Protein chains: 2
Amino acid sequence: MNTTFRCDCPITSALDILGDKWMLVIVKQMLLEEAYTFKDFTESDEAIATNILSTKLKMLEEAGILTKSKLPTNRKTNLYLLTEMGLFLTPIIVELALWSDAHLRGMNPAIRRDEGLVHMKADKEGVVAGLQEQYRKMREQLLSGSG
Amino acid sequence: MNTTFRCDCPITSALDILGDKWMLVIVKQMLLEEAYTFKDFTESDEAIATNILSTKLKMLEEAGILTKSKLPTNRKTNLYLLTEMGLFLTPIIVELALWSDAHLRGMNPAIRRDEGLVHMKADKEGVVAGLQEQYRKMREQLLSGSG
DNA sequence: GTTTTTACTTGTAAATTGCAAGTAAAATTA
DNA sequence: TAATTTTACTTGCAATTTACAAGTAAAAAC
């Protein structure tokens, strides 16, 4: 799967990889909703189709945004974990949350409000750093088998 | 055109509007590349198809992200201008640029490097505020007919 | 050894994107 | 004033992406 880039613009190039219906949703699920396995993703609120999930996980792996591995003690279940490159999408995820909170409630009154959003508004750099740190710790724990 | 939202997550809701191939590219063109008219968009590097552009501009207008108007002295050319809601996408655009600059050069060596990126790295909050201010001034000028 | 679970694949349909040609209104030119 | 050009689309059809539903195979559980 080879990404075709539309032009030499950095922003458009980012969107050539991320600009579709599911890529950033999957990253959000990994970062914020403890999704690590194929089943975790299929059981999320968004209910992605399994053939689409399979394809998007491959693309994310090929782009270097996540890794796919297995624990030595479990040869069946695949673990999908964000790489550093993937973790650096955190500011984008946080900005999407803030924009949505500020502007989309008119269009989608059902949007939930949680205390994460309150923290993001108060100190978004801090929240970004905190999420990244927390993910690194969790990733280390999972990989060392003491999850 | 009525947006269907996948669930009550603010991030997923934002992506229900923005998560496709062209929506954020068009916003970027308006914010950074002085695209105001249908022709401006069709002549950009990305070369969007006219039927897609037409559809996406309608969707952006319906979402409240841009307005469509005409000058009294020119009843032919439509002016597309970002609203405040649209301008608040600036942080997302800037974060995409930063992520791409830091992580995508391996996949797309053609990505250009300009001094805008240098400024963004140095002071992204300042760049965001500067872009928004600059756009507001330009918008005012265009609307008062002294472009 | 059998059943269940997990991670997919497959065939097909619906939705989105794109190509190329065409149309109509407004502006420009002769 | 008439003819030509420009601008903003629309249309018909094709290609790609997303989605549904059923099926498959390997690994784990019973």
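Order of the sequence lines fixes the chain letters, A, B, ..., with proteins taken first and strands second; residue numbering starts at 1 for each chain. None of the values given here were measured: they were computed from a predicted structure.
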- Message: Strictly below 4.0 Å, N to O, side chains only: are K68(A) and E62(A) in salt-bridge contact?
- Response: no
- Query: What's the spacing between L87(B) CG and M30(B) CE if we round to 0.5 Å?
  - Reply: 9.0 Å
- Note on the structure: Value for CD1 (I48(B)) from CG (L53(B)), rounded to nearest 0.5 Å, stands at 5.0 Å
- Using whole Å, report how far CG of D40(B) lies from C1' of dA8(D). 13 Å
- Message: Is it the case that dT10(D) (base atoms only) and T50(B) (side chain only) share a donor and an acceptor within less than 3.5 Å, ignoring hydrogens and angles?
- Response: yes
All N/O pairs under 3.5 Å across the protein-nucleotides 25-28 of chain D interface:
{"unit_1": "dA27(D)", "atom_1": "OP1", "unit_2": "R75(A)", "atom_2": "NH2", "d": "3.0"}
{"unit_1": "dA27(D)", "atom_1": "N3", "unit_2": "K76(A)", "atom_2": "NZ", "d": "3.0"}
{"unit_1": "dA28(D)", "atom_1": "OP1", "unit_2": "R75(A)", "atom_2": "N", "d": "2.8"}

- Query: Could you state the CD1-P distance from I26(A) to dA7(C), rounded to the nearest angstrom?
  - Reply: 14 Å
- Query: dA7(C) P sits how many Å from F41(A) CZ, rounded?
  - Reply: 10 Å
- Would you give the length of the straight line joining atom CZ of F5(B) to atom OG1 of T12(B), rounded to the nearest 0.5 angstrom? 11.0 Å
- Residues in contact with DNA chain C, drawn from residues 29-36 of chain A - heavy-atom cutoff 4.0 Å: none
Please write out each protein N/O paired with an N/O of nucleotides 17-19 of chain C under 3.5 Å, distance rounded to 0.1 Å.
{"unit_1": "dT17(C)", "atom_1": "OP2", "unit_2": "K56(B)", "atom_2": "NZ", "d": "2.6"}
{"unit_1": "dG18(C)", "atom_1": "OP1", "unit_2": "K21(B)", "atom_2": "NZ", "d": "2.4"}
{"unit_1": "dG18(C)", "atom_1": "OP2", "unit_2": "W22(B)", "atom_2": "NE1", "d": "2.3"}
{"unit_1": "dG18(C)", "atom_1": "N7", "unit_2": "N51(B)", "atom_2": "ND2", "d": "2.9"}
{"unit_1": "dC19(C)", "atom_1": "N4", "unit_2": "N51(B)", "atom_2": "OD1", "d": "3.2"}
{"unit_1": "dC19(C)", "atom_1": "N4", "unit_2": "N51(B)", "atom_2": "ND2", "d": "3.1"}

Result block: side-chain N/O donor-acceptor pairs under 3.5 angstrom for residues 71-81 of chain A, not counting sequence neighbours:
{"unit_1": "N74(A)", "atom_1": "OD1", "unit_2": "K76(A)", "atom_2": "N", "d": "3.1"}
{"unit_1": "N74(A)", "atom_1": "OD1", "unit_2": "T77(A)", "atom_2": "N", "d": "3.2"}
{"unit_1": "N78(A)", "atom_1": "OD1", "unit_2": "K70(A)", "atom_2": "NZ", "d": "3.0"}

- Do W99(A) and V118(A) sit in the same hydrophobic cluster, where Ile, Leu, Val, Met, Phe, Trp and Tyr count as joined when their side-chain heavy atoms come under 4.5 Å apart? no
- Message: Assess the residue pair R139(A) and E84(A) against the criterion (salt bridge (charged side-chain N to carboxylate O under 4.0 Å, His left out)); give the C-alpha distance rounded to whole Å, side-chain angles, the decisive distance to 0.1 Å, and a yes or no.
- Response: CA-CA 11 Å; R139(A) 187 173 60 192; E84(A) 285 302 298; 2.7 Å; yes
- side chain to side chain donor-acceptor pair (under 3.5 Å) with E43(A): which residues, sequence neighbours excluded? K39(A)
- Could you give the distance from CZ (F41(A)) to CD (E33(A)), rounded to the nearest 0.5 Å? 10.0 Å
- Task: Return the set of residues passing side chain to side chain contact (heavy atoms under 4.5 Å, CB included) with A49(B) (not counting sequence neighbours), or none when no residue passes.
- Result: N51(B), I52(B)
- Give T42(A) one of three labels, base, sugar-phosphate or nothing, depending on what nucleic acid heavy atoms sit under 4.0 Å from its own. nothing
- Is the phosphate of dT9(C), meaning OP1 or OP2, less than 4.0 Å from a side-chain N or O of S54(A)? yes
- Message: Test your reading of the model: is there a side-chain donor-acceptor pair from T83(B) to the backbone of G64(B), 3.5 Å cut-off?
- Response: yes
- Message: Categorize K68(A) for me: base, sugar-phosphate, or nothing, with a 4.0 angstrom heavy-atom threshold over every strand shown.
- Response: sugar-phosphate
- Within this structure, what is the CG-to-C1' distance between L79(A) and dC8(C), rounded to whole angstrom? 16 Å
- Message: Measuring to OP1 and OP2 of dT7(D), would you say a side-chain N or O of Y80(B) lies under 4.0 angstrom away?
- Response: no
- Message: Can you measure N78(B) atom CG to dA25(C) atom C1' for me and round it to whole angstrom units?
- Response: 12 Å
